[in-house]
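Report on one structure; see the data block that follows.
The chain is numbered in sequence order, starting from 1. Order of appearance sets the numbers: ligands from 1, and atoms from 1 within every ligand.
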Amino acid sequence: MTNEYLLNIYENVKQKDKNEPEFLQAVYEVLNSIEPYVNEHPELESAGVIERFVEPERLITFRVPWVDDNGKVHVNRGYRVQFNSAIGPYKGGIRLHPSVNPSIMKFLGFEQTLKNSLTGLPMGGGKGGCDFDPRGKSDLEIMRFCQSFMTELFRHIGADTDVPAGDIGTGAREIGYMFGQYKRLKNEWTGVLTGKGLSYGGSIGRTSATGFGLCYFTNKMLEVMKNTTLEGKKVIVSGSGNVGIYAAIKAKELGATVVALSDISGYVYKESGIDLDLAREIKEAKRGLLSEYASIDKDCTFNPNPKLMWQVKCDVVLPCATQNEIDLEDAKAFVKNGVIAVAEGANMPCTLEATNYIIENKIAFAPAKAANAGGVMVSGFEMSQNSMRLAWTFEEVDEKLKAQMESIFMEVHECAKHYDNMYNTVLGANISGFKKVAAAMLAQGVC
Ligand code: NDP
Ligand code: 2IT
């Protein structure tokens, strides 16, 4: 990065937010890659667009007190970052994980702004969460926690203001409890959350959308950049949560073999393909661990270190767990093993060094904000269905999802080729997403 305007902005963010490494990482990657576009558009500097773009419109922090099954009181810290509303109401998930802090909230909200722009739908960027650990909690504890969380959050959100959804640790159960509490507090039935159950306004296809969308994007990328498809490929998937499980299922449907799958307990490996029905049953229905899978499927091997899965020989890598799970050493293993594509299901799963190494070595790379946009896209469909009081069929949703994921790939690809080379999809995604947000911010004046 040599543009003085961008360098000054990055230095300023670095000083102000020096204790926020994930946020700085995301900001650096974006500013660095939008540089050629910013060079062509001096009006961005005159209107102070980028300094406004890296500062969240609002960051809300609140106390979340709740009572466990033994009557003990706990206090967690809740957050909602309302990052950018230039192109639509704030939209983004809620993460429940002990690691949640302002840096993680802000990097996710910042990325979400560009991701939501790429979907082509009118949604701004937001994210929320809490440093609460859902693991090992009873249903009643989860319910009391969610009700307490919403008792504060409700005053900051709304169907035309800010629409939260799921993320790590937040699935249909949590969304249900939060929706119930919102409705009770507001005496209003609106589509204020997405990822709702099908009996109360949820969109069919939302649960599988991120994972399915990731595979539609990957298949198109392989076709255009590598003249092949997922058919016959060996795939490894990290994380066996909402994104990972459905990515694995769709990869298999498209003819690939999922040879390895991980969660926090380790990874399972099976040359002939993981039994995805069994994995889904253990992870989704029983909220269990893959170590249990290994005790049932005698044909697999189990390694208690999930990180070692990156050494497994395969063709396609789908990281679907969490940020910075792939570092430079892992990226070197991909090159050594002849990997042809890495597609990010999680948000920012590759470090900057890993991403650069992957791109330099001409592995087809699908950056998170483009490749995992299918989840929030179908959330956008859910918002439309709620407003219209309609319910589309699975076929309608899936067809729209597939077409739009392919179209995002093509937009990113054309943009990468225009400004640099076809492997620089990071630049392609960042400039494509940024253009629309910047145009809206320019049109709306200094606000
Ligand atoms: P879930 O909570 O459903 O699943 C997360 C999974 O990752 C779990 O299986 C968890 O293991 C596993 N995991 C966590 N840390 C590690 C690790 N270090 N190594 C291996 N596995 C690990 O979350 P989601 O699937 O919803 O989210 C996953 C990622 O995708 C996040 O980055 C999220 O921001 C992103 N994302 C999610 C979307 C959505 O619609 N839900 C949309 C777009 C992006 P265990 O089960 O043992 O806890
Ligand atoms: O990171 C993401 O895009 C999500 N967690 C989904 C957000 C949403 O509003 O559906």
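Contact atoms of ligand 1 toward Pro306: 19 (N), 20 (C) (distance under 4.0 Å to a heavy atom of the residue). Residue Asn347 has at least one heavy-atom neighbour below 4.0 Å for each of these atoms of ligand 1: 32 (O), 33 (C), 34 (O), 35 (C), 36 (N), 44 (C). Near Lys115, meaning under 4.0 Å from any of its heavy atoms, are these atoms of ligand 2: 1 (O), 2 (C), 3 (O). With ligand atoms numbered from 1 in the order given, ligand 2 contributes 8 (C), 9 (O), 10 (O) to contacts under 4.0 Å with heavy atoms of Ala165. Those atoms of ligand 1 with a heavy atom of Cys320 less than 4.0 angstrom away are 28 (C), 29 (C). Numbered from 1 in the order shown, with element, the atoms of ligand 1 that lie under 4.0 Å from a heavy atom of Leu289 read 47 (O).
At a 4.0 Å heavy-atom cut-off, ligand 1 touches Arg95 through the side chain alone.
Considering backbone and side-chain N/O of Asn372, none are found under 3.5 Å from N/O of ligand 1. The distance criterion of under 3.5 Å between nitrogen or oxygen atoms is not met by Gly166 with respect to ligand 1. Inclusion of Arg135 in the set of residues having an N or O under 3.5 Å from an N or O of ligand 1 is warranted. For the pair Ser240 and ligand 1, the shortest N or O to N or O distance falls below 3.5 Å. Taking only nitrogen or oxygen atoms, main chain and side chain alike, Lys283 reaches within less than 3.5 Å of ligand 1. Backbone and side-chain nitrogen or oxygen atoms of Asp167 are examined, and one is located within less than 3.5 angstrom of a nitrogen or oxygen of ligand 1. Distances between N or O atoms of Gly166 and those of ligand 2 include at least one value under 3.5 Å. For ligand 1, the polar-atom distance check finds no N/O of Thr322 at less than 3.5 Å from any of the ligand's N/O atoms. In terms of N/O distances under 3.5 Å, ligand 1 is approached by Gly169. Of the polar atoms of Gly375, none of the N or O atoms is found under 3.5 Å from an N or O of ligand 1, judged by distance alone. At under 3.5 Å, a nitrogen or oxygen of Val243, whether backbone or side chain, sits near a nitrogen or oxygen of ligand 1.
With hydrogens left out, the protein atom closest to atom 9 (O) of ligand 2 is Lys91 NZ, 2.6 Å, a heavy atom. Closest protein heavy atom to atom 10 (O) of ligand 2: Ser379 OG, 2.6 Å. Among all non-hydrogen protein atoms, the one lying nearest atom 7 (C) of ligand 2 is Gly93 N, 3.6 Å.
Paired with Tyr90 under the rule side chain to side chain donor-acceptor pair (under 3.5 Å), one option of His156, Gln82, Glu57, Arg80 passes, and it is Glu57.
Annotation: Phe149 is not in aromatic contact with Phe132 [ring centroid separation under 6.0 Å not met]. Taking the six-membered ring for Trp and the full ring otherwise, Tyr28 and Tyr10 have centroids separated by under 6.0 Å.
Within the structure, ligand 2 has Arg206 among the residues with a heavy atom less than 4.0 angstrom away. Remark: distances from the non-hydrogen atoms of Lys127 to ligand 2 include one below 4.0 Å. A heavy-atom separation below 4.0 Å is found between Arg206 and ligand 1. Remark: distances from the non-hydrogen atoms of Arg287 to ligand 1 are all 4.0 Å or more.
Relative to the six-membered ring of Phe23, Lys106 meets both conditions, a distance below 6.0 Å and an angle of at most 45° to the axis. A cation-pi arrangement, defined by a distance under 6.0 Å to the six-membered ring centre and an angle within 45 degrees of its axis, is present between Lys400 and Trp392.
Using a 3.5 Å distance cut-off with no hydrogens or angles, the side chains of Asp139 and Tyr177 do not pair a donor with an acceptor.
Taking all atoms of both residues into account, the shortest heavy-atom contact from Asn242 to Thr210 is OD1-OG1, 4.3 Å. Shown here for Thr119 and Ala373, the closest heavy-atom pair between the two residues is CG2-O, 3.9 Å.
With Asn324, Ile94, Leu261, Thr210 as candidates, the residue nearest to atom 43 (C) of ligand 1 on a non-hydrogen basis is Thr210.
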